[in-house]
Amino acid sequence: MASGGEAPESWYLALLGFAEHFRTSSPPKIRLCVHCLQAVFQFKPPQRVEARTHLQLGSVLYHHTKNSELARNHLEKAWFISQQVPQFEDVKFEAASLLSELYCQQNLVDSAKPLLRKAIQISQQTPYWHCRLLFQLAQLHTLEKDLVSACDLLGVGAEYARVVGSEYTRALFLLSKGMLLLMERKLQEVHPLLTLCGQIVENWQGNPIQKESLRVFFLVLQVTHYLDAGQVKSVKPCLKQLQQCIQTISTLHDDEILPSNPADLFHWLPKEHMCVLVYLVTVMHSMQAGYLEKAQKYTDKALMQLEKLKMLDCSPILSSFQVILLEHIIMCRLVTGHKATALQEISQVCQLCQQSPRLFSNHAAQLHTLLGLYCISVNCMDNAEAQFTTALRLTTHQELWTFIVTNLASVYIREGNRHQELYSLLERINPDHNFPVSSHCLRAAAFYIRGLLSFFQGRYNEAKRFLRETLKMSNAEDLNRLTACSLVLLGHIFYVLGNHRESNNMVVPAMQLASKIPDMSVQLWSSALLKDLNKACGNTIDAHEAAQMHQNFSQQLLQDHIAACSLPEHNLISWTDGPPPVQFQAQNGPTTSLASLL
């Protein structure tokens with residue numbers, strides 16, 4: 001080690017060099033790195049060196065070890081000492097940022113908030129850190145579901161960015177605020193905000209990748225806003241723009257030139273994450289519109305990309321993307337008659353949620369909803385009711401709540417003896433009066449549910465009124481599945497009323513649309529009706545052909561039903577409380593009736 005007469009910089013640089021060498025070794029030698037950094041304190045270094053070393057030690061221990069107490073100790077010292085040293089912004093604010101992150105990890109949110117507030121208060125002369133700390137505190141409030149405080153902070157950030165001449169970061173703050181307002185369903189505030197964002201993004205002349213990434217953020221918000229509103233047709237121009245935008249980004253090279261304004265040193269998402277996100281919203285659109293093969297194609301692409309990314313990147317957002325993709329493809333599988341695959345993918349979502357309590361907390365209601373839909377598909381109606389009831393208990397999201405209630409109502413209709421509960425539900429999703437959400441798609445589905453109930457009650461004129469309303473709404477926004485379901489049910493009503501010609505006019509297009517989606521249940525239903533219709537009209541050859549089709553669909557569904565119910569994961573239908581179960585016992589065989597399917 002250096003003798004006392006040498007300049008302090010030399011021993012310090014030597015220890016720092018050794019520490020960095022050990023940290024970047026393959027594999028990293030963290031224990032030796034920590035020893036080198038701790039040795040710095042033996043030389044009684046000046047405050048600047050002492051604070052920086054505490055920060056480096058805290059950072060290494062936080063990122064590379066499980067010794068969070070020691071990491072916290074070093075970061076608290078770095079934050080305390082650096083406040084006494086003039087012009088030491090980087091160390092001071094990095095210590096504050098990292099320490100508050102660690103506090104949150106230890107569930108000490110009440111320690112993280114005042115620390116960030118103090119750091120924000122004293123960082124106003126340092127634009128990069130001031131903006132970064134505002135984003136960090138806003139994110140903390142968001143995780144706590146305090147979206148009002150988060151929006152206020154993002155508003156402060158947007159104004160600060162404008163004052164320091166950073167239109168790029170101003171747009172990031174405003175788009176982030178727009179995202180939270182969409183989550184809160186404050187649509188009156190969202191529209192003017194998104195209009196302003198659109199103008200800022202188009203007028204900003206800067207790094208092409210940063211500009212395009214702002215456009216992706218802006219378009220993703222617009223697309224999800226339309227999809228939340230169930231406007232599958234209206235969203236198409238925006239979605240096309242978004243897809244073109246991501247293609248443009250993938251051809252641009254990352255410029256290493258740093259922005260001249262330090263407040264511009266932010267990225268919304270890495271390019272690769274944006275690609276997955278665009279695949280994801282495309283899958284959401286395809287599923288809502290009823291293009292299920294297209295949804296499958298884009299899900300496969302996105303999941304392949306995610307697998308590659310997760311090998312190099314453990315960012316929690318990738319797991320969120322994966323879960324949302326799986327949630328959508330599971331719904332597609334249930335429609336296309338692949339229940340066994342859907343069940344295995346539900347199990348996969350359970351495993352992902354086991355690895356992250358936050359992920360489970362955010363997706364528990366969706367998971368029970370998916371299990372409820374699976375239960376309907378295998379005719380386990382008691383389990384479906386239990387799953388939907390659990391999901392309702394766990395969600396505060398209005399659209400999801402309405403979706404669950406709609407499906408629970410369909411369960412009660414099928415059971416036929418739950419009149420009081422059914423009418424209580426239907427009052428809460430009355431499409432003619434005070435419908436709880438603005439979603440076009442969910443309102444159309446509510447009309448369909450009313451039509452289905454009227455059909456079962458033999459009130460055919462009333463059923464026709466509701467179903468024509470569904471058809472009008474679903475045709476307006478290309479909601480293919482609802483169109484197919486409404487057509488086949490109308491066809492069934494006309495058949496019962498003896499109007500065979502009108503019945504045929506409904507069932508034939510229902511069959512064509514169901515084949516295009518493809519929707520196995522509607523194909524089964526349509527082929528049964530076509531068989532009976534042709535038989536009644538004396539068309540023996542057509543009746544035989546329809547009977548053959550019906551037999552094929554029945555066989556496919558039966559085989560899939562047996563395969564699904566024989567899987568050990570089928571036992572998930574009994575799980576209604578706590579975290580998802582880790583292991584499943586094998587089933588002896590299917591225990592459910594096929595009567596309603598065939």
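The residues of the chain are indexed from 1 along the displayed sequence.
No side-chain donor from either of Ser319 and Gln355 sits under 3.5 Å from a side-chain acceptor of the other. Donor-acceptor pairing under 3.5 Å is lacking for the side chains of Ser123 and Glu89. Looking at Tyr62 and Glu101, their side chains do bring a donor and an acceptor atom within 3.5 Å of each other. A side-chain N or O of Gln243 and one of Thr282 form a donor-acceptor pair less than 3.5 Å apart. A donor-acceptor contact closer than 3.5 angstrom is absent between the side chains of His397 and Thr395.
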Chi angles and distances behind the side-chain contact (heavy atoms from CB on, under 4.5 Å) call for Leu239, Tyr226: CA-CA 10 Å; Leu239 184 59; Tyr226 275 118; over 6 Å; no
Residues Gln398, Arg185; criterion side-chain contact (heavy atoms from CB on, under 4.5 Å); working and verdict: CA-CA 9 Å; Gln398 276 292 92; Arg185 300 290 173 266; 5.6 Å; no
Pair Asp432-Phe466, side-chain contact (heavy atoms from CB on, under 4.5 Å): steps then yes or no: CA-CA 10 Å; Asp432 286 319; Phe466 286 128; 4.1 Å; yes
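In this pair, Phe217 and Trp268 present their aromatic rings parallel. The plane angle is below 30°, not in the 30 to 60° band. Between Tyr298 and Tyr279, the angle of the ring planes lies from 30° to 60°, which puts this pair in the tilted group.
In this structure, OG1 in Thr336 is found 8.5 Å from CD in Glu293, a value given to the nearest 0.5 Å. To the nearest 0.5 Å, the span separating CG on Leu180 from CG on Leu175 amounts to 11.5 Å. For the atom pair OG1 of Thr390 and CD of Gln387, the computed distance is 5.5 Å after rounding to the nearest 0.5 Å. Taking CD of Glu94 as the reference point, atom CG of Leu75 lies at 9.5 Å (rounded to 0.5 Å). With rounding to the nearest 0.5 angstrom, the CG atom of Leu292 is 11.0 Å from the NE2 atom of His338. Here OG of Ser486 is found 10.0 Å from CG of Leu513. Values are rounded to the nearest 0.5 Å.
For the ring-ring contact (aromatic ring centres under 6.0 Å, His included) with Phe266, the qualifying choice from Phe173, Tyr168, Phe135 is Phe135, the only one to do so. Screening Ile330, Thr369, Leu334 for a side-chain contact (heavy atoms from CB on, under 4.5 Å) with Tyr374, the sole residue that qualifies is Leu334.
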Please set out all donor-acceptor pairs under 3.5 angstrom arising from side-chain atoms of residues 107-117, sequence neighbours excluded.
residue, atom, partner, partner atom, Å
Lys113, NZ, Glu144, OE1, 2.6

Contacts under 3.5 angstrom, residues 145-154 side chains, donor-acceptor by atom type, not counting sequence neighbours:
residue, atom, partner, partner atom, Å
Asp146, OD1, Ser149, N, 3.2
Asp146, OD1, Ser149, OG, 3.2
Asp146, OD2, Ser149, OG, 2.6

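Residues Leu394 and Ala365 come closest through the heavy atom pair CB-CB, 4.0 Å.
Counting only heavy atoms from C-beta outward, the side chains of Val216 and Leu269 never approach each other to under 4.5 Å.
For residues 299-321, no pair satisfies salt bridge (Lys or Arg N to Asp or Glu O under 4.0 Å), with sequence neighbours left out.
Lys177 and Glu189 are not joined by a salt bridge, as no carboxylate oxygen comes within less than 4.0 angstrom of a charged side-chain nitrogen. Checked for salt-bridge contact, Lys236 and Asp478 meet the test: a charged N lies under 4.0 Å from a carboxylate O.
In this structure, Ser474 contributes its side chain and Leu471 its backbone to a donor-acceptor pair below 3.5 Å.
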